[in-house]
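Notes for the one structure printed next.
Everything numeric here is computed off the predicted structure, so don't read it as measured data.
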2 protein chains.
Amino acid sequence: MEPKDNRASILTCALELFAAQGYDAIGVREICSAAGVTKPTLYHYFGSKRGVLETLVQERGAPLLARVQQAAAYAGDLRQTLRTLVLTYFGFADAAPTFYRLLLGLWFAAPNHDAFQVVARFNEQQHQVMEALFNAAAHDHGNMRGRQRIYAATFLGMINTYVGLALNGYLELTETHALQAVQQFSYGIYS
Amino acid sequence: MEPKDNRASILTCALELFAAQGYDAIGVREICSAAGVTKPTLYHYFGSKRGVLETLVQERGAPLLARVQQAAAYAGDLRQTLRTLVLTYFGFADAAPTFYRLLLGLWFAAPNHDAFQVVARFNEQQHQVMEALFNAAAHDHGNMRGRQRIYAATFLGMINTYVGLALNGYLELTETHALQAVQQFSYGIYS
DNA sequence: GTGTTAGTATACCGAACGGTATAGTATTTG
DNA sequence: CAAATACTATACCGTTCGGTATACTAACAC
């Protein structure tokens, strides 16, 4: 029997419930009862319902961001870097589907919504990484210049689309799909 | 002064509020006060809050579905059909950005959520249209066979991604982008 | 032992939620 | 004119919401 860690089990239960039912549809009470604690415990650790979501995004998102940052290092071969990136994302989504579902559920959510803004900041961080990559690549590929922002956005969008469709049972995150996606995307750039 | 149509103004206000703040974040009271009516009026026309959303999706979505169905007619030139489709979607999103925002906000929302299921049915209808198109095209392009479902899903996903990024200010829905998107997508198919 | 701190539970707060019972008005139908 | 239908307002229902005041326990500090 592992020593009970209320903080951790609150986060785990909240993630599962948020991902399945939506942030707004889940009350603090449900999280607490699922985690086997009472409300003051949750508020002791996170201060508010939004604090739970923020902690969740930060802590569970950090590994993804770290891997992505590493995979996004540009070494002269853009296509290869993109391949590594897609595989990194697919691997993460495969290992943490519930968390990715939470992110995707708020990807295009209402802009004035509390929960959206939390996730938007996280997405913006990923966007920065991608934009830096395309900026670096634009030195070698002059015809890309001026479009780095769009490339970053559509590349991330393509990844999220694939993951979202996979989560909804439309396809699977195979290496074949990853490579095909990169090939497709690259064709749009170099042409 | 137009003759006041309470039913219509409820729908209009609900759409605006849902799209901006999210379905769950908006109460029936807010819709009513924005529309200048009281709750029994709303419940007279729509029966429930969910009924408002359902009506919204059906009535505002019908024109899109009609245009898409027409544009998806296959006449031997898949690439041209896809071009027409993307332009149809872009045109609709440009004319009804608020409604499209509502759809996108629930695109990958939590699967057990009330609002998601309403939109999911609508998305499924579009998916059927796309799948039929790729089924027809697979007669001419044997190498597509068996992948029609994936093609339909990723094609719609690509469109939604572009529209979503446009709504969030990352790009604009120009004809150039539309053609580029199709070219990209087609390359993934024929290769 | 005496504070002090971290963590947890009971019980409660006011506000907002979705929805409705009742009563009215205005228009149409006989 | 009477009856029925469509629509709208006042006022209310019970429930749940996010959040908290208070108190208690265990552990560690001095």
When you measure from every atom of DNA chain C, which of residues 8-19 of chain B have a heavy atom less than 4.0 Å away? none
Are OP1 or OP2 of dA9(D) and a side-chain N or O of T41(B) less than 4.0 angstrom apart? yes
Take the protein atom CD1 of I31(A) and the nucleotide atom P of dC17(D), then report the distance between them rounded to whole Å. 10 Å
For H177(A) and F90(A), I'd like to know if the aromatic rings sit close, meaning centre-to-centre distance below 6.0 Å. no
Could I get the full list of ring pair (Phe, Tyr, Trp, His ring centres under 6.0 Å) partners for Y100(A), not counting sequence neighbours? none
Nucleic acid contacts - residues 20-27 of chain A versus DNA chain D, non-hydrogen atoms under 4.0 Å: I26(A), G27(A)
note: Y43(B), atom OH; dT22(C), atom P; distance rounded to Å ~ 18 Å
Does E172(B) have more than 12 heavy atoms from other residues, nucleotides or ligands lying within 6.0 Å of its CD? no
Taking CD in Q125(B) as the centre, count heavy atoms belonging to other residues, nucleotides or ligands within less than 6.0 Å. Is the count above 12? yes
Rounded distance in Å - CG (D114(A)) to C1' (dG18(D)): 12 Å
Taking only the side-chain heavy atoms of N6(A) (C-beta and beyond), determine which of dT8(C), dC12(D), dC17(D) contains the nearest atom. dT8(C)
Which listed nucleotide (dA9(D), dA9(C), dG7(C)) is nearest to the side chain of T38(B)? dA9(D)
With a cut-off of under 6.0 Å to the ring centre and 45° to the axis, is K49(B) in cation-pi contact with Y23(B)? yes
What integer distance in Å separates F46(A):CZ from dG7(C):P? 11 Å
Can you identify which nucleotide, out of dG18(C), dT8(C), dA9(D), has its nearest atom closest to the V37(B) side chain? dA9(D)
H44(B) NE2 - dT8(D) P separation (whole Å): 7 Å
Can you give me every donor-acceptor pair (side chain of residues 57-68 of chain B, partner residue at least two apart or in another chain, under 3.5 Å) with its distance?
| from | atom 1 | to | atom 2 | distance (Å) |
| --- | --- | --- | --- | --- |
| E59(B) | OE1 | R7(B) | NH2 | 3.1 |
| E59(B) | OE2 | R7(B) | NH2 | 2.3 |
| R60(B) | NH2 | T12(B) | OG1 | 3.4 |

Starting at atom CD of E30(B), determine the distance to atom C1' of dG18(C), rounded to an integer number of angstrom. 13 Å
Salt bridge (charged side-chain N to carboxylate O under 4.0 Å, His left out) against R50(B), all qualifying residues, sequence neighbours excluded: E54(B), D114(B)
Can you tell which of dC12(D), dG18(D), dT10(C) lies closest to the side chain of P40(A)? dT10(C)
Without decimals, in angstroms, what is the distance between L53(A) CG and dG18(D) C1'? 15 Å
Student check: side-chain heavy atoms of L82(A) and L133(A) closer than 4.5 Å: yes
Measure the shortest side-chain to side-chain distance between L11(B) and F46(B) over non-hydrogen atoms and say whether it is less than 4.5 angstrom. yes
Is there a side-chain contact between Y45(B) and the phosphate of dT8(D), meaning an N or O under 4.0 Å from OP1 or OP2? yes
Side chain of K49(A), heavy atoms from C-beta onward: which of dG18(C), dA9(D), dG18(D) has the nearest atom to it? dG18(D)
Sorted by chain and residue number, the side-chain contact (heavy atoms from CB on, under 4.5 Å) partners of Q80(A) (sequence neighbours excluded) come out as D77(A), R83(A), T84(A)
Select one nucleotide: of dC12(C), dA9(C), dT20(C), the one nearest the side-chain heavy atoms of R29(A). dC12(C)
